[in-house]
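Data block below; observations after.
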Amino acid sequence: PSAILGYLSYVEGTACAGKRDDCKRECFESYENADRQFQSQMKGEMECYVNCDSELVRCSAVSTNLIFGAIFLAAGVLVAFCINVVIPHIIGYDESDDKRVFEVRSAYIEPFPNEEQQRKKEKSRRRWFWQDKYQPPDVVEVVCIECNHKSLLDAKWLKAKKGGMDSALCVRCRTIIAGVA
């Protein structure tokens, strides 16, 4: 569409220039044989030339509007391309994000994911070229004291190399099975 508008602008511009040339030729031919003795007798010819130029300005305004329309349309397509393709690619959006089904957590207390969910999230996280590849941690099976549910935990919990503000919670009863209370 913008190419069509650009072409129409070119056609309108050349048609306007042709109309102006024809108009000036008619002015010249109509006043060519006029007998002039005074400057004021050229007033009709000069007004004819001015009318031709004003018609050119009106006609070329249409041509200018068409070319601006073509430019804005092409710029709009470019901006739409950037918004829909380039920016999501820069941000790191992937089509597989739409197809992913989120797991329902096993407890009502939110938003604490269990250890296995944290490992899956870390494994699927996008890594940059300067970051190390994902290394799965050593996993140990731990039994909850309250409900006897078996959970897989990172071995660093038992070696006291992992801890801090968060604790490892049981998936079923949400009691602390490793870490500080």
Side-chain angles (χ1 to χ4, degrees), residues 1-16 58-181:
S2 63
I4 293 170
L5 283 178
Y7 177 72
L8 286 176
S9 171
Y10 172 74
V11 169
E12 285 287 327
T14 54
C16 288
R58 187 199 61 75
C59 187
S60 64
V62 173
S63 174
T64 304
N65 287 340
L66 284 173
I67 195 69
F68 279 131
I71 290 170
F72 286 135
L73 188 59
V77 168
L78 183 65
V79 167
F81 177 77
C82 286
I83 288 174
N84 291 324
V85 176
V86 175
I87 292 177
H89 182 70
I90 291 171
I91 292 173
Y93 173 77
D94 191 16
E95 288 180 10
S96 63
D97 295 342
D98 294 337
K99 298 173 187 170
R100 187 175 4 153
V101 177
F102 294 99
E103 295 179 15
V104 177
R105 298 207 180 139
S106 55
Y108 293 102
I109 301 172
E110 297 290 339
F112 301 111
N114 60 21
E115 288 283 314
E116 186 174 343
Q117 290 171 340
Q118 288 177 358
R119 281 194 300 275
K120 282 183 184 177
K121 185 176 180 181
E122 182 65 25
K123 182 179 180 182
S124 66
R125 185 174 65 92
R126 189 177 191 155
R127 299 192 184 281
W128 298 97
F129 63 89
W130 63 82
Q131 293 175 325
D132 295 334
K133 299 287 183 201
Y134 174 75
Q135 301 274 333
D138 295 332
V139 179
V140 178
E141 187 175 284
V142 177
V143 178
C144 177
I145 299 170
E146 298 286 328
C147 64
N148 292 328
H149 182 267
K150 295 178 182 177
S151 299
L152 296 175
L153 293 182
D154 191 346
K156 292 179 181 178
W157 282 108
L158 301 178
K159 298 175 186 174
K161 291 184 178 179
K162 188 171 186 177
M165 298 298 291
D166 298 325
S167 301
L169 302 175
C170 176
V171 177
R172 186 178 294 162
C173 65
R174 305 299 289 174
T175 59
I176 297 174
I177 53 178
V180 180

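Quick note: numbers below take in every heavy atom, side chains included, and nothing from hydrogens, waters or symmetry partners.
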Greater than 12 external heavy atoms within 6.0 Å of L78's CG
yes
Return the set of residues passing side-chain contact (heavy atoms from CB on, under 4.5 Å) with [X] (not counting sequence neighbours), or none when no residue passes.
{"X": "F72", "answer": "F68"}
{"X": "V86", "answer": "F81, I90"}
{"X": "L152", "answer": "R119, V139, E141"}
{"X": "L8", "answer": "I4, L66"}

What pairs meet the salt bridge (Lys or Arg N to Asp or Glu O under 4.0 Å) rule with one or both residues in residues 76-89, with sequence neighbours excluded?
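The answer is none; no pair qualifies.
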Sort and list the pairs that fulfil side-chain hydrogen bond (donor to acceptor under 3.5 Å, both in side chains) and have at least one residue in residues 4-15, not counting sequence neighbours.
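Every side-chain hydrogen bond (donor to acceptor under 3.5 Å, both in side chains) pair that includes a residue of residues 4-15, provided the two are not neighbours, is S9-S63.
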If you compare all heavy atoms of [X] against all heavy atoms of [Y], which two are closest, and at what distance to 0.1 Å?
{"X": "A70", "Y": "G6", "answer": "CB-N, 3.7 Å"}
{"X": "L73", "Y": "P1", "answer": "CD2-CB, 3.4 Å"}
{"X": "T64", "Y": "I67", "answer": "O-CG2, 3.1 Å"}

Restricting to disulfide bond (SG atoms under 2.5 Å apart), what partner residues turn up for C16, sequence neighbours left out?
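Listed in chain order: C59.
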